[in-house]
2 protein chains.
Amino acid sequence: MYEMVRSVNLWHTVVLPPTKVKEMTTEMSTRLAKGRTRKNDPERVQADIMRVATQEFSEKGLSGARIDEIAEKTRTSKRMIYYYFKDKETLYLKALERSYQQVRQQEEALDLDHLEPVEALTRLVAFTFEHHLNSPDFIRMVMIENIHHGRFIEQSDLIQTLNAGAVNELEKVYQRGVDAGVFRPNLEAIELHWLISALSFFNVSNRYTFSRIFSWDQSAPENQQRLASHVVEMVLRYVLKKPGHSDPAI
Amino acid sequence: MYEMVRSVNLWHTVVLPPTKVKEMTTEMSTRLAKGRTRKNDPERVQADIMRVATQEFSEKGLSGARIDEIAEKTRTSKRMIYYYFKDKETLYLKALERSYQQVRQQEEALDLDHLEPVEALTRLVAFTFEHHLNSPDFIRMVMIENIHHGRFIEQSDLIQTLNAGAVNELEKVYQRGVDAGVFRPNLEAIELHWLISALSFFNVSNRYTFSRIFSWDQSAPENQQRLASHVVEMVLRYVLKKPGHSDPAI
DNA sequence: TTCATAATGTACGAAATGGTACGTTCAGTC
DNA sequence: GACTGAACGTACCATTTCGTACATTATGAA
């Protein structure tokens, strides 16, 4: 009985053609038929759950996401979600952590040390802007977490550790620029980071309302390019000692 | 029976001291006692519901908010919510519209026409920044709406109409500045508005995660002041033809 | 092989939740 | 005063939703 139901629900629908279901079913009900057995694969199961959960939470929020729906979209069952993740909130926290982790990984690919300060800063800002643009799920998770007053991120030491390095990169570039006499002094790296983040984040987080309110298709490629230029220009103008470099006039 | 229960649930708990409840109850159960009668006050009821609903939705989101809880915090009943607002989503849309309306009202108080361009722009940016800071509920509603892909704001012509004027103000100031030779030309008012909005919005929307991640108390008054200065400075430097005016050195 | 424990599946329960059926009262009009 | 539609209240229902009890299988160690 157990074998039968499980086979129908999971395996056959995935692995076997539908026409086979009926005959296999009866065959299977004779307990432990053939060599076909269940495979335990904890890592795969957990990864699968995390993948789906991240998607669902980022799309619908903590209260909007449904455990049953997550389970359905998974190759495993609801039982397994609770087995590995305790409850809905823990699952959400893990998904949040995963989002930060993935983003941080990509960020680390950026290597600025060999570039001169102005070039490095330009690169950093442009990269951040585009990177946010390509990580809407992450942006949404952060939005959702802020709706929850950061109640979950507070519990996560992992996330804090992860992002500590982000400002350091900027700090190094900025300091090199100051030393070289091209950046004006007395700016705080974290505040600079705040400014860059704000512009890049808002571009994704508020695209729907902004576009709608001003009847302006913010997502249109030409507008995205203009915005990207604006952001880069704006930060540079703010940091540079003299706005000497060419005026791109957009 | 009906009279009794209603009185206990709503009126007495609000209007009368608790000790009076018991005796009034029996008294009331003799149908239509004394001159005490129900008052119909549709406007008040609706306003009351809107007030509570806005609070709840902005705090917990569309799916997180509970109709029962909204009803409880109201002076009226759940029945009235459905009577006036059809269903949860309609109520949410109305709350969203209300949020935009209120914010827009305050914005209109700003009168920039009599100021010279630089002063006017400075004022506008500073005002926007502070205004957002003082409207966290509005910010949250917008965040939530973006989580929903702007699905509801799409249905609202009201909101679009409301905000059309916001960019106009900026446009006027900018044009005056260009004509006076103090602002550089070829910038789009809407894109300028986008930049100002991004910085002001992010300051509120992401305060929790940002503070947590970088162990930096963004809400601390001194930091808020520094950020405000940065934002104003940044926009001015971007728009001004020459960054001639004093360097506040933050 | 035996056995212990980890991993997995099924079915179900209790509470929460959006929404409604049904009734009563209010307030203005004739 | 009678009447009518708007305004309001109570109790309830159907469904959803998180979570769990219980049973079974997989897998590695002794």
Side-chain angles (χ1 to χ4, degrees), chain A residues 1-14 28-29 31-49 53 56-57 60-72 74-92, chain B residues 1-14 28-29 31-49 53 56-57 60-72 74-92:
Chain A
M1 166 59 175
Y2 159 60
E3 265 297 308
M4 176 190 80
V5 178
R6 189 201 50 183
S7 299
V8 170
N9 280 354
L10 298 179
W11 288 20
H12 290 183
T13 53
V14 174
M28 288 306 237
S29 64
R31 298 280 267 194
L32 257 182
K34 306 294 141 61
R36 194 172 286 283
T37 67
R38 185 186 85 201
K39 276 285 172 46
N40 285 355
D41 194 345
E43 270 116 33
R44 185 193 178 93
V45 167
Q46 289 178 63
D48 195 24
I49 293 174
E56 286 294 303
F57 281 127
K60 316 201 181 150
L62 172 53
S63 43
R66 300 292 166 230
I67 293 285
D68 286 282
E69 206 172 328
I70 293 175
E72 260 178 34
T74 298
R75 211 164 306 164
T76 177
S77 67
K78 183 162 70 162
R79 177 68 180 79
M80 285 297 94
I81 295 175
Y82 286 97
Y83 184 68
Y84 285 118
F85 298 97
K86 186 171 178 251
D87 57 18
K88 195 185 185 186
E89 297 201 343
T90 303
L91 180 61
Y92 166 79
Chain B
M1 166 58 175
Y2 158 59
E3 264 300 305
M4 177 189 81
V5 177
R6 190 201 52 181
S7 299
V8 169
N9 281 354
L10 297 178
W11 289 19
H12 289 182
T13 51
V14 174
M28 287 305 238
S29 64
R31 298 280 268 197
L32 258 183
K34 302 297 139 61
R36 195 170 286 281
T37 66
R38 186 186 84 201
K39 276 285 172 45
N40 284 356
D41 194 344
E43 269 114 35
R44 187 194 176 92
V45 168
Q46 289 178 63
D48 195 25
I49 293 173
E56 286 294 303
F57 281 127
K60 318 203 180 146
L62 172 54
S63 44
R66 300 291 166 229
I67 292 284
D68 285 282
E69 207 172 328
I70 293 174
E72 260 178 35
T74 298
R75 213 165 304 165
T76 177
S77 66
K78 183 162 69 160
R79 175 70 179 78
M80 285 297 95
I81 296 176
Y82 286 98
Y83 183 68
Y84 285 118
F85 299 96
K86 186 172 178 251
D87 56 20
K88 195 185 186 186
E89 296 201 342
T90 303
L91 179 62
Y92 166 79

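Sequence lines set the chain letters: A, B, ... in the order given, protein chains first and strands last, and positions in each chain run from 1. Owing to the predicted nature of the structure, the values given are computational and were not obtained by experimental measurement.
Here the closest heavy-atom approach between residue Ile81(A) and residue Ile67(A) is recorded as CD1-O, 4.1 Å. The two residues Gln46(A) and Phe85(A) have their closest heavy-atom pair at O-CZ, 4.2 Å. Heavy atoms only, all atoms of each residue included: Ser77(B) and Ala71(B) are closest at C-CB, 4.2 Å.
Distance, Lys60(A) NZ to dT17(D) C1': 13 Å, rounded to whole Å. One interatomic measurement links the two molecules: OH of Tyr82(B) to C1' of dT10(D), which rounds to 15 Å at whole-angstrom precision. When the P atom of dA7(C) is taken as reference, atom CG of Asp48(A) falls 16 Å away, rounded to whole Å. Counting to the nearest Å, the P atom of dG18(C) and the CD atom of Glu89(B) are 11 Å from each other. dT24(D) atom P lies 16 Å from atom CE of Met80(A), rounded to whole Å. In this structure, the CD atom of Glu72(B) is 15 Å from the C1' atom of dT10(D), given to the nearest Å. What separates NZ of Lys88(A) from P of dT16(D) is a distance of 15 Å, to the nearest Å. Counting to the nearest Å, the P atom of dA14(D) and the CD1 atom of Ile67(B) are 21 Å from each other.
Here Arg66(B) lies in heavy-atom contact (under 4.0 Å) with sugar-phosphate atoms only. Ala65(B) comes within 4.0 angstrom of the backbone, heavy atoms only, and of no base. Contacts of Tyr84(B) with the nucleic acid, taken as non-hydrogen atoms under 4.0 Å apart, involve only primed sugar atoms and P, OP1 or OP2.
Remark: Thr76(B) is in phosphate contact with dG9(D), judged by side-chain N or O atoms under 4.0 Å from OP1 or OP2. Phosphate contact (OP1/OP2 of dC8(D), side-chain N/O of Tyr83(B), threshold under 4.0 Å): absent. Distances shown here put a side-chain N or O of Ser77(B) below 4.0 Å from the OP1 or OP2 atom of dG9(D).
Using a 4.5 Å heavy-atom threshold, the side chains of Val45(A) and Asp48(A) count as separate. In this structure the side chain of Phe57(B) reaches within 4.5 angstrom of the side chain of Lys88(B), judged on heavy atoms.
Between the side chain of Lys78(A) and the base of dG19(D), at least one donor-acceptor pair of N or O atoms lies under 3.5 Å.
Closest to the side chain of Arg79(B), from the set dG19(D), dC8(D), dG19(C), is dC8(D). Candidate nucleotides dT17(C), dA6(C), dG19(D) were compared by shortest atom distance to the side chain of Asp68(B), and dT17(C) ranks first.
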